[in-house]
A.B. asks: 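Following this message is one structure expressed as structure tokens.
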Amino acid sequence: MRAGDVVAAFFTDGPGTRYAEHVEAAFTAAPGNPCQGCGTCEETAAFHAAPERYVRLVPADDFMDCVVVFRNTPVAIVPADTAAYLPPLHSAPPLPDLFTLDDGHGPYEALPVSRGWGPWQVISVTRATAEQIAADLPTTHAGRHLTFHWLHDTLRIASDPCLRTDPGRPGLLIQPDADGRYRIGGLWAWEEWIPPLCPDCSAETEPIDVEGERVWACTGSDCTRRTYGTGDPDNDDNDLPPYTETDEDGAVIAYHGNGETDIETTAELAAQDGPAEDE
């Protein structure tokens with residue numbers, strides 16, 4: 001790897017056939033000394049690893065740590081002179097981070113936070129998400145002494161008047177920034193939230209809304225499993241709302257809430273949509 005090369009895949013270790021492993025994030029090769037403020041680079045420097053023995057991979061996402069690999073690591077790359085004709089790695093919009101309140105409300109989408117971010121700091125959310133937080137927080141342990149009011153585009157967060165040491169304080173006023181986003185935090189601890197893995201195949205899941213409920217659908221190509229992400233399969237099997245999908249031939253397939261095919265309902269739908277008696 002040379003400076004500017006883009007890493008496209010790693011390969012498994014061991015003799016014989018080496019299988020390519022997908023690189024989930026884009027990396028640019030950056031040989032040389034470690035950067036400042038990165039946990040991986042600080043750890044590498046602490047072990048006094050000679051810079052000529054490894055290559056530092058810089059992620060496109062500024063909020064991620066570098067990845068350090070030895071120079072003899074087998075990788076697939078896009079050479080720097082070819083990568084120069086491709087869109088910049090930073091041109092892809094960052095995936096949102098997810099945060100919850102102390103008793104599981106959320107998750108709420110926010111802009112990615114920096115490496116030095118702490119749970120008592122702010123997160124940047126849309127107006128719709130800010131409204132949801134304002135509605136949820138008074139019902140939580142963290143927000144039991146707080147009140148929320150909207151003054152046009154401004155969100156006012158105040159403590160219970162009986163608890164104020166300074167009755168004249170108007171509370172915390174949060175106004176939208178230039179992008180119309182609200183920076184909320186500082187009064188309770190946020191908890192970073194990671195989407196649950198599929199209970200059946202352990203693949204990643206993605207959020208979807210079904211009948212007004214947030215559920216998590218498996219992203220595996222051959223898996224239709226859905227989950228609440230609670231870790232309780234009985235909860236998934238009994239409470240997830242059922243749904244239907246139309247396949248490439250136009251047939252309607254009915255599913256139980258957890259993603260298993262509802263054969264009886266599917267058969268009834270097929271009978272209703274079948275050809276007329278004279279056809």
Side-chain angles (χ1 to χ4, degrees), residues 1-15 18-100 106-125 177 179 181 183-186 189-197 202-206 219:
M1 288 182 287
R2 298 170 301 171
D5 290 345
V6 175
V7 179
F10 293 107
F11 292 89
T12 56
D13 294 330
R18 293 178 179 265
Y19 295 96
E21 296 181 336
H22 171 63
V23 175
E24 296 182 357
F27 291 105
T28 301
N33 295 320
C35 67
Q36 300 296 322
C38 166
T40 302
C41 289
E42 290 178 356
E43 182 178 348
T44 302
F47 283 99
H48 305 288
E52 61 271 13
R53 296 187 56 197
Y54 63 85
V55 175
R56 183 167 57 90
L57 305 182
V58 182
D61 186 344
D62 292 333
F63 303 106
M64 294 175 57
D65 287 344
C66 297
V67 172
V68 173
V69 296
F70 286 105
R71 285 188 175 273
N72 62 348
T73 301
V75 296
I77 64 171
V78 178
D81 53 355
T82 301
Y85 293 97
L86 303 178
L89 298 182
H90 291 76
S91 64
L95 295 176
D97 284 340
L98 298 171
F99 300 86
T100 61
Y108 307 104
E109 290 187 349
L111 291 181
V113 294
S114 66
R115 285 193 291 262
W117 179 87
W120 289 92
Q121 293 179 287
V122 300
I123 60 174
S124 176
V125 301
D177 60 19
D179 297 321
R181 303 185 68 90
R183 295 171 57 80
I184 300 178
W190 290 112
E191 295 181 11
E192 292 189 75
W193 194 86
I194 300 175
L197 298 179
S202 298
E204 294 183 356
T205 61
E206 60 183 5
T219 59

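Residue numbers run from 1 in the order of the sequence given. As the structure is a prediction and not an experimental result, all values here were calculated from the model.
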A.B. asks: Using the side chain to side chain donor-acceptor pair (under 3.5 Å) rule, take Ser124 and Arg183 through it: C-alpha gap first, then chi angles, then the decisive distance, then the call.
C.D. replies: CA-CA 4 Å; Ser124 176; Arg183 295 171 57 80; 5.3 Å; no
A.B. asks: Less than 3.5 Å apart, which donor and acceptor atoms pair up between the side chains of residues 75-86 and the rest of the protein, not counting sequence neighbours?
C.D. replies:
none

A.B. asks: Is a donor on one side and an acceptor on the other found under 3.5 Å between the side chain of Asp179 and the backbone of Arg181?
C.D. replies: no
A.B. asks: Please report the C-alpha distance between Tyr54 and Thr73 in whole Å, then the side-chain angles of each, then the deciding distance to 0.1 Å, and finally whether the side chain to side chain contact (heavy atoms under 4.5 Å, CB included) criterion is met.
C.D. replies: CA-CA 9 Å; Tyr54 63 85; Thr73 301; over 6 Å; no
A.B. asks: Less than 4.5 Å apart, side chain to side chain, heavy atoms only: is that true for Arg56 and Cys41?
C.D. replies: yes
A.B. asks: Between the side chain of Thr28 and the main-chain N/O of Val6, is any donor-acceptor distance below 3.5 Å?
C.D. replies: no
A.B. asks: Which atom names give the shortest non-hydrogen contact between Val122 and Trp117, and what distance separates them?
C.D. replies: O-NE1, 3.0 Å
A.B. asks: Indicate the atoms forming the closest heavy-atom contact of Ser202 with Leu197, along with that distance.
C.D. replies: O-CD2, 3.8 Å
A.B. asks: Can you see which heavy atom on Trp190 is nearest to which on Ile184, and at what distance?
C.D. replies: NE1-O, 3.2 Å
A.B. asks: With side chain to side chain contact (heavy atoms under 4.5 Å, CB included) as the criterion, how do Leu57 and Val68 come out once you've worked through the C-alpha distance, each side chain's angles and the decisive distance to 0.1 Å?
C.D. replies: CA-CA 6 Å; Leu57 305 182; Val68 173; over 6 Å; no
A.B. asks: Got a sec, which residues hit side chain to side chain contact (heavy atoms under 4.5 Å, CB included) with Pro196, two or more places apart in sequence or on another chain?
C.D. replies: Trp193, Thr205, Trp216, Thr227
A.B. asks: When rounded to the nearest 0.5 angstrom, what distance separates CZ in Phe99 from CD in Glu192?
C.D. replies: 5.0 Å
A.B. asks: Just wondering, do Phe70 and Val55 contact through their side chains at under 4.5 Å, heavy atoms?
C.D. replies: no
A.B. asks: So, for Glu109 and Val125, which heavy atoms are closest and what is the spacing to 0.1 Å?
C.D. replies: O-CG1, 3.5 Å
